[in-house]
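Here is the structure we will look at, set down as structure tokens.
Remember, it's 1-based here, ligands and their atoms both numbered in the order they're listed.
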Amino acid sequence: MTSLPASVDVIVVGGGIVGLATALALAEAGAKPLVLEAKSFGGAVTGGSLAAIGVHMHGLEEYALLTEACGLWRSFSDRSGDAIEHNAQGQVGFCLDDEDIASAETWIAEERALGAPYRMLSASELRDLEPGLTGPVRAATYAPDTATINPFRAARAVLAAARAAGATAMDHAPVAGLLSAGGKVQGVRMASGQEITGDAVVLAAGPWSQEIAGAEGIYVPLFPRQAQCLAALRQPAGTIRHVVSGVERKGGVDSGYTQIQQAASGQILFNTVMELMDTAPDAKDAVREVPPGFVMSSIDMLVTLFPGLADIALLRSWVRFEAVSPDARFLAGPLERDGLWICAGDNGSGYCRSLMLGRFLAGEITGKPVLDAALRADAARLYAPKRFAGVAA
Ligand SMILES: Cc1cc2nc3c(=O)[nH]c(=O)nc-3n(C[C@H](O)[C@H](O)[C@H](O)COP(=O)(O)OP(=O)(O)OC[C@H]3O[C@@H](n4cnc5c(N)ncnc54)[C@H](O)[C@@H]3O)c2cc1C
């Protein structure tokens, strides 16, 4: 096994897409980051993602930041020779009833006011765009700029780019705790007992970030939430042409939310969230099975929308754990201890945000902003961990 350095500029704890993107941005900003991943790179929620990259129905206040995030993935795809299977297929948000239509029209009006090229589709326009969607859909939203990427390939490509830019990254390297002295975090202690010092430590360990900070008496309001997905056997290319989603009522994944898409491999990936589950803190450390009710609701919705897929065979299912904050936005910025930073959160669309968040945080840590001033101000306001100051465990 390659030995770990005794000292680096910045230690990033967690090698999911958020930690890898942070390391890439830090290395590109001239710092020497070290990523420490407890298991395998991208093996937690990152590898279980549907990895849709889009702005539509994700919250108006983050509109500019999400637009930047999508552009960063497009550029990254170009620069990696499309190794990440970036597919700008667009998104349709189906409406089954009056309530869906009212929500959809509100989203479209508000997003168009910000300059988005989105519009409502009639049922017949929808069928022209998505011929297999012959279920009882009354109207839909249309966001032509939503894309998907391959979550495994993208994590590997970001890791390779970070290494090429000067980052060091080690998998199967669990961090046991933080090293603190004089009110400052000065590094980490590995499970192996080795100590590594750094000028800054970034917690990018998803829902595990809370425990690492908590051991130092720092409360981080992030909670694990169980999420799951199904994949069906390969279908001919073009069986599902867009990201097909439900209309989000509040922004972010919520009860009743559906996402269906076809991967480049031909597999149909789909899920319908019946209701958000209360997840025990230690659930994330155990192997979990997909709940039968979730399987039934997801298949019901898939076949309701795409009756031609009634005989489709399931291939696999998986459970992962997202990290959710009380307001469902990321925590990205300094924690209440010198030298300690965080970049974690989720609400079902952290893959999309990761390159943008990494650049924001790298700019804050190195003191050399990477995002432009307006975006940086938005990110500092929306993602500041201190918005929860005073909230106790
Ligand atoms: C079914 C599903 C669909 C999704 N669809 C989308 C989508 O369409 N679009 C989108 O943008 N997002 C989507 N997401 C969300 C997205 O996948 C996540 O927001 C994103 O992957 C979060 O990445 P992360 O790096 O923060 O977390 P993780 O991937 O969980 O990474 C954290 C890492 O920290 C490591 N770690 C933990 N403790 C330690 C320790 N002590 N020492 C070292 N390492 C440690 C873990 O092993 C893990 O690898 C979806 C998620 C799911 C489950």
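Considering backbone and side-chain atoms together, C352 places an N or O closer than 3.5 Å to an N or O of ligand 1. Backbone and side-chain nitrogen or oxygen atoms of R320 are examined, and none is located within less than 3.5 angstrom of a nitrogen or oxygen of ligand 1. Between V13 and ligand 1, not a single N/O pair is under 3.5 Å apart. For the pair K39 and ligand 1, the shortest N or O to N or O distance does not fall below 3.5 Å. On a distance-only criterion, S40 and ligand 1 share no N/O pair closer than 3.5 Å. The distance criterion of under 3.5 Å between nitrogen or oxygen atoms is not met by I53 with respect to ligand 1. An N or O contact shorter than 3.5 Å is missing between A44 and ligand 1 by distance. At least one N/O-N/O distance between S49 and ligand 1 falls below 3.5 Å.
Among all protein heavy atoms, the one lying closest to atom 42 (N) of ligand 1 is V175 N, 3.0 Å. Atom 51 (C) of ligand 1 has E322 OE2, 3.4 Å as its closest protein atom, hydrogens excluded (heavy atom only). Closest protein heavy atom to atom 53 (C) of ligand 1: V45 CG2, 3.5 Å. Protein heavy atom in closest approach to atom 9 (N) of ligand 1: A52 O, 2.9 Å. Here the protein heavy atom with the shortest distance to atom 5 (N) of ligand 1 is L50 N, 3.2 Å. Among all protein heavy atoms, the one lying closest to atom 35 (C) of ligand 1 is E37 OE1, 3.3 Å.
Side-chain polar atoms of N271 and S298 form no donor-acceptor pair below 3.5 angstrom. A side-chain donor from one of S180 and E216 sits under 3.5 Å from a side-chain acceptor of the other. For Q228 and S317, the side-chain atoms include no donor-acceptor pair closer than 3.5 Å.
With a 6.0 Å radius and a threshold of 12 heavy atoms from other residues, nucleotides or ligands, K184 has its NZ atom above the threshold. Counting non-hydrogen atoms of neighbouring residues, nucleotides and ligands closer than 6.0 angstrom, the CZ atom of R337 exceeds 12 such neighbours. Within a 6.0 Å sphere centred on CD of E336, other residues, nucleotides and ligands contribute 12 heavy atoms or fewer.
Remark: ligand 1 atoms within the under-4.0 Å shell around heavy atoms of V18 are 23 (O), 24 (P), 25 (O), 26 (O). Set against the non-hydrogen atoms of A227, the atoms of ligand 1 under 4.0 Å away are 53 (C). Heavy-atom proximity to A204, at under 4.0 Å, picks out these atoms of ligand 1: 32 (C), 34 (O). For ligand 1, the atoms closer than 4.0 angstrom to any heavy atom of I212 are 41 (N). In the vicinity of Q259, heavy-atom distances shorter than 4.0 Å reach the ligand 1 atoms 8 (O). Residue G206 has at least one heavy-atom neighbour below 4.0 Å for each of these atoms of ligand 1: 32 (C). Those atoms of ligand 1 that come under 4.0 Å of a heavy atom in N271, given as number and element, are 1 (C). Close approach of ligand 1 to G350 is summarised as follows: ligand atoms under 4.0 Å from at least one heavy atom of the residue are 10 (C), 11 (O), 12 (N), 15 (C), 19 (O).
For atom 15 (C) of ligand 1, the nearest non-hydrogen atom from the set D346, L357, D285 belongs to D346. Nearest residue to atom 36 (N) of ligand 1 from A205, C229, A69, P151 is A205 (criterion: closest heavy atom). Comparing heavy-atom distances from atom 39 (C) of ligand 1 across G43, P224, A38 singles out A38 as nearest. For atom 52 (C) of ligand 1, the candidate residues are G15, A191, A344, G48; the nearest heavy-atom contact is made by G48. Nearest-heavy-atom check against atom 16 (C) of ligand 1 across Y351, F41, F321 picks out Y351.
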> Can Y383 and C343 be said to form a side chain to side chain contact (heavy atoms under 4.5 Å, CB included), step by step?
Replying inline: CA-CA 9 Å; Y383 305 135; C343 196; over 6 Å; no
> So I196 and L36, side chain to side chain contact (heavy atoms under 4.5 Å, CB included) or not? Walk me through it.
Replying inline: CA-CA 11 Å; I196 305 174; L36 297 167; 4.2 Å; yes
>> side chain to side chain contact (heavy atoms under 4.5 Å, CB included) for E364 and V370? Distances and angles first, verdict last.
In response: CA-CA 9 Å; E364 301 307 295; V370 189; over 6 Å; no
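Not a single heavy atom of R353 lies less than 4.0 angstrom from ligand 1. Contact analysis puts A51 in contact with ligand 1, with a non-hydrogen atom separation below 4.0 angstrom. The closest approach between G348 and ligand 1 falls below 4.0 Å for a heavy atom of the residue.
Both I108 and L60 sit in one connected hydrophobic cluster of ILVMFWY residues. Membership requires side-chain heavy atoms under 4.5 Å apart, directly or through other members.
Checked for salt-bridge contact, R387 and D327 meet the test: a charged N lies under 4.0 Å from a carboxylate O. Under a 4.0 Å N-O distance rule, the pair R225/E322 qualifies as a salt bridge. Look at R353 and E62 and you find a salt bridge, because one of the NZ, NE, NH1 or NH2 atoms lies within 4.0 Å of a carboxylate O, short of that distance.
For the side-chain hydrogen bond (donor to acceptor under 3.5 Å, both in side chains) with T148, the lone residue among Q261, H86, Q91, Q89 that qualifies is Q89.
Ring pair W73/Y351: centre-to-centre distance below 6.0 Å.
Considering only heavy atoms from C-beta on, T22 stays 4.5 Å or farther from V10 through its side chain.
By the 30° and 60° cut-offs, the orientation of the rings of H242 relative to Y142 is perpendicular.
The side chain of W208, and not its backbone, has at least one atom closer than 4.0 Å to an atom of ligand 1 (non-hydrogen atoms only; side chain from C-beta on).
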